[in-house]
Amino acid sequence: MSLDLDPDARKDMADAAARDGGARKVFIKSFGCQMNVYDAARMADVLAPEGFDETTRVEDADLVILNTCHIRERAAEKVFSELGKLRELKQERAAAGRDTRIAVAGCVAQAEGAEILRRQKAVGLVVGPQNYHRLPDLLRRAETGRGVVDTEFPVEDKFDHIAPARPERTRARGISAFLTIQEGCDKFCTFCVVPYTRGAETSRPAARIIREAEILAEAGVRELTLLGQNVNAWAGVGEDGAVWSLARLARRLAQIPGVLRIRYTTSHPNDMGADLIAAHRADPALMPFLHLPVQSGSDRILAAMNRKHDAAAYVDLVARIRAARPDIALSSDFIVGFPGETERDFEDTLDLIRTIGFASAFSFKYSPRPGTPGADMADQVAEPIKAERLARLQVLLEAQRQDFNRATIGRTFDVLFEKKGRHPGQIAGKSPWLQAVQVDGPEALIGAARLVEITAVGPNSLFGRLLDPHGEARA
Ligand code: SF4
């Protein structure tokens, strides 16, 4: 999806009203994390009863929603730049007799609020991530022409107001689907905006999660990725009236017919309970791949980040997880150049990476987020130092990623096929460790898991051969 207008589409715009027969269209562009991708789908669900069909052509949209992310550097400026393009589109559509409403949602909406209306008059609605269930009502209020801002953290839980996804709207969502089960965070890491933009930790009720998972499975989804900013803090009353943890919920979801694989992200090390570790031992549907951010290997920096654990605790935790599930692979986030980070602190991070061995990782230079404690800390690290450390860190992480991928050559494991491959006759899927895998095979296997022997490894994919193309679908 792009906001850059196709010149032909511009020319056609005047005819669009007749072609669409008056149906209203919504274009939603999501930035950032998987939760925003999920939220965008649910916004479309909320708007469907209002007569909005989703479109992938921004030129056709009567309503454009930018679902924003505040994690990256200069996030707000990038949103204002996108809004400038949308204002031009709004003017062009107006000249063709078509109205266009522009809404800003997500974490930049939460952080900037009314400032967005002040700086970009084309915007009619600003809605925070906790409030998108109110979109129909907010859009009606915005019809008066006065800009509407809703960035309150409502007393009512948004999850109570959003019906489970409907089968007819989930069918196009593929073999692997996100399912938000938890939102917000109480940890207050000093670099992070999430506690301010997504609010306190809330867990979605178990019954609603199970229902939505059943609907997704009925629609052909075979892999569920449970989402939450602090997903392993999820807790809720289960079907038996007892308080369930994520471990219990995941094992219940794995019993749903059709569900082959369960993943969850993002986890905080301090919330990796013994029962969740044990679930990895007991339930093969829990995939042996865990995104478990550590951020730094220096105890001094971890304390300054308010991570509430030290490097030794992380190493010990990984040892316990590996004892339960020896083939588990780890992924992590790293921030280099946090305020006060010395060369020694950075070396501690490299040491921790060598000790653990990561299959993949996301790594960033620290950049201050307005309103977070880290932004006001003394001893900000100079940009060239951050850049040099990040480059060294990424060399090590990339070598580990490649080693991990190469170690799969000659191994045999299940691949869940999701789509056609790059070339005719190929199908593509994912290994248990989230690696992309390509094989020669029939499209009929899309949606099934099959044994594959890995024969070669490319920069970003594994290649293999099907061992039992005609075998029973695993379920
Ligand atoms: S645990 Fe994650 S989401 Fe929560 S404050 Fe820390 S980095 Fe942000």
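For the single chain, residues carry numbers from 1 onward in sequence order. Any value given below was found using the heavy atoms of this structure, including those in side chains, with hydrogens, waters and symmetry copies removed. Atoms within each ligand, like the ligands themselves, are counted from 1 in listed order.
Residues satisfying the side chain to side chain contact (heavy atoms under 4.5 Å, CB included) criterion with S81, sequence neighbours excluded, are absent altogether.
Of all protein atoms, those that are N, O or S and lie under 2.8 Å from atom 4 (Fe) of ligand 1 total 1.
Using a 4.0 Å heavy-atom cutoff, R198 is absent from the residues neighbouring ligand 1.
Atoms of ligand 1 lying under 4.0 Å from at least one heavy atom of F191, given by number and element, are 7 (S).
The residue from D271, N270, N306 that alone fulfils the side-chain hydrogen bond (donor to acceptor under 3.5 Å, both in side chains) condition with K187 is D271.
In this structure, R119 satisfies the cation-pi test against F80, with its NZ or CZ atom closer than 6.0 Å to the six-membered ring centre and inside 45 degrees of the ring normal.
For the residue pair Q130/Q110, the side-chain donor-acceptor check at 3.5 Å is not satisfied.
If you look at Q295 next to ligand 1, there are no close heavy atoms at all, none under 4.0 Å.
E212 has a carboxylate O that lies under 4.0 Å from a charged side-chain N of R204, or vice versa, which qualifies the two as a salt bridge.
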Q435 vs N405, side-chain hydrogen bond (donor to acceptor under 3.5 Å, both in side chains): CA-CA, chis, key distance, verdict: CA-CA 8 Å; Q435 296 147 302; N405 285 347; 2.8 Å; yes
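Put simply, the side chain of E183 reaches to within 4.5 Å of the side chain of M35, judged on heavy atoms.
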